[in-house]
Peer 1: 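Starting off with a structure, shown below.
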Amino acid sequence: MLNRMEQDVFREIGNIGAAHAATALSTLLGQPVEIEVPSADLEGFSTIIERVGGAEAYTAGALLRFSGDIKASLLFLMPLKDAEKLVSQLLQQPFQFFRNTMHLVFQHGKRSGIF
């Protein structure tokens, strides 16, 4: 477990990152985005799985890896329904991952010259 000071440091890093992300997302969406103070804890993978609804729950996420003087990984997960709402707002049209994902990949591939 992290001690109080270590938790505060990670929480502050999380606050800074979350504030920047919320500002960018607000700009993309053209509307305010509310955030909560991030938590910081050292937990096992099984605990994280339970926090996002259990092993059978669908989630959307991103894994960010940091390199250089500090090596770290940041795993961002959200319930699939919330991710679908976010993507729908960004695309300004209804979106469901299991129905629209291949279409979205294909459209991106066409635009980038992959297909």
Side-chain angles (χ1 to χ4, degrees):
M1 289 301 268
L2 300 173
N3 67 36
R4 179 76 177 183
M5 188 173 86
E6 292 166 335
Q7 285 180 342
D8 287 343
V9 168
F10 279 106
R11 191 172 293 117
E12 187 57 29
I13 292 168
N15 282 337
I16 293 167
H20 285 287
T23 300
L25 186 57
S26 176
T27 301
L28 283 171
L29 295 174
Q31 65 187 46
V33 172
E34 294 181 22
I35 61 172
E36 295 179 14
V37 176
S39 62
D41 231 333
L42 185 63
E43 296 183 323
F45 192 70
S46 60
T47 303
I48 294 168
I49 296 298
E50 289 306 313
R51 280 186 149 191
V52 294
E56 300 300 317
Y58 287 103
T59 59
L63 177 62
L64 307 171
R65 295 194 187 265
F66 301 90
S67 60
D69 291 342
I70 299 174
K71 294 183 180 16
S73 296
L74 174 66
L75 179 61
F76 174 78
L77 295 173
M78 64 190 322
L80 193 64
K81 289 291 182 195
D82 293 331
E84 288 173 338
K85 287 179 194 175
L86 176 60
V87 173
S88 293
Q89 287 182 323
L90 290 170
L91 296 176
Q92 297 180 346
Q93 65 185 34
F95 180 85
Q96 289 182 314
F97 275 100
F98 293 112
R99 186 174 63 197
N100 299 116
T101 304
M102 289 311 296
H103 176 72
L104 186 65
V105 168
F106 181 72
Q107 290 297 342
H108 175 71
K110 278 178 57 177
R111 274 185 256 140
S112 62
I114 296 171
F115 302 117

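By convention here, the first residue in the shown sequence is residue 1.
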Peer 1: Once you round to the nearest 0.5 Å, how far does CG of L80 lie from NZ of K85?
Peer 2: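 The CG atom of L80 sits 11.5 Å away from the NZ atom of K85.
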Peer 1: Could you work out, with ring-ring contact (aromatic ring centres under 6.0 Å, His included) as the rule, every residue matching Y58, not counting sequence neighbours?
Peer 2: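 Here the qualifying residues are F98.
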Peer 1: Hey, does the side chain of E84 reach the backbone of F97 with a donor-acceptor pair shorter than 3.5 angstrom?
Peer 2: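 Side chain of E84 to backbone of F97: a pair is present.
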Peer 1: Drop me the distance from Q7's CD to E12's CD, to the nearest 0.5 angstrom.
Peer 2: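 Result: 14.0 Å between the selected atoms.
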Peer 1: Can you see which heavy atom on I35 is nearest to which on A22, and at what distance?
Peer 2: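 Distance-wise, the nearest heavy atoms are CG2-CB, 3.6 Å.
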Peer 1: Show me the donor-acceptor pairs, under 3.5 Å and distance only, between side chains in residues 26-34 and residues at least two apart or in other chains.
Peer 2:
{"from": "S26", "atom 1": "OG", "to": "Q31", "atom 2": "O", "distance (Å)": "2.8"}
{"from": "T27", "atom 1": "OG1", "to": "T23", "atom 2": "O", "distance (Å)": "3.0"}

Peer 1: According to a 4.5 Å side-chain heavy-atom criterion applied to Ile, Leu, Val, Met, Phe, Trp and Tyr, with indirect links allowed, do F95 and M78 form part of one hydrophobic cluster?
Peer 2: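 Different hydrophobic clusters.
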Peer 1: Could you state whether L90 and L77 fall into the same hydrophobic cluster, counting links through intermediate Ile, Leu, Val, Met, Phe, Trp or Tyr residues with side-chain heavy atoms under 4.5 angstrom apart?
Peer 2: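 As far as the 4.5 Å side-chain criterion goes, L77 and L90 are not connected within one cluster.
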Peer 1: Out of N3, D8, V9, which one pairs with E6 under the side-chain contact (heavy atoms from CB on, under 4.5 Å) rule?
Peer 2: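 Considering N3, D8, V9, a side-chain contact (heavy atoms from CB on, under 4.5 Å) with E6 is found only for N3.
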Peer 1: What side-chain donor-acceptor pairs closer than 3.5 Å can you find for residues 60-74, not counting sequence neighbours?
Peer 2:
{"from": "R65", "atom 1": "NH1", "to": "S73", "atom 2": "OG", "distance (Å)": "3.3"}
{"from": "K71", "atom 1": "NZ", "to": "G68", "atom 2": "O", "distance (Å)": "3.0"}

Peer 1: Mind checking whether L25 and F76 sit in one hydrophobic cluster, side chains of I, L, V, M, F, W, Y counted as touching below 4.5 Å?
Peer 2: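 Yes, one cluster joins them.
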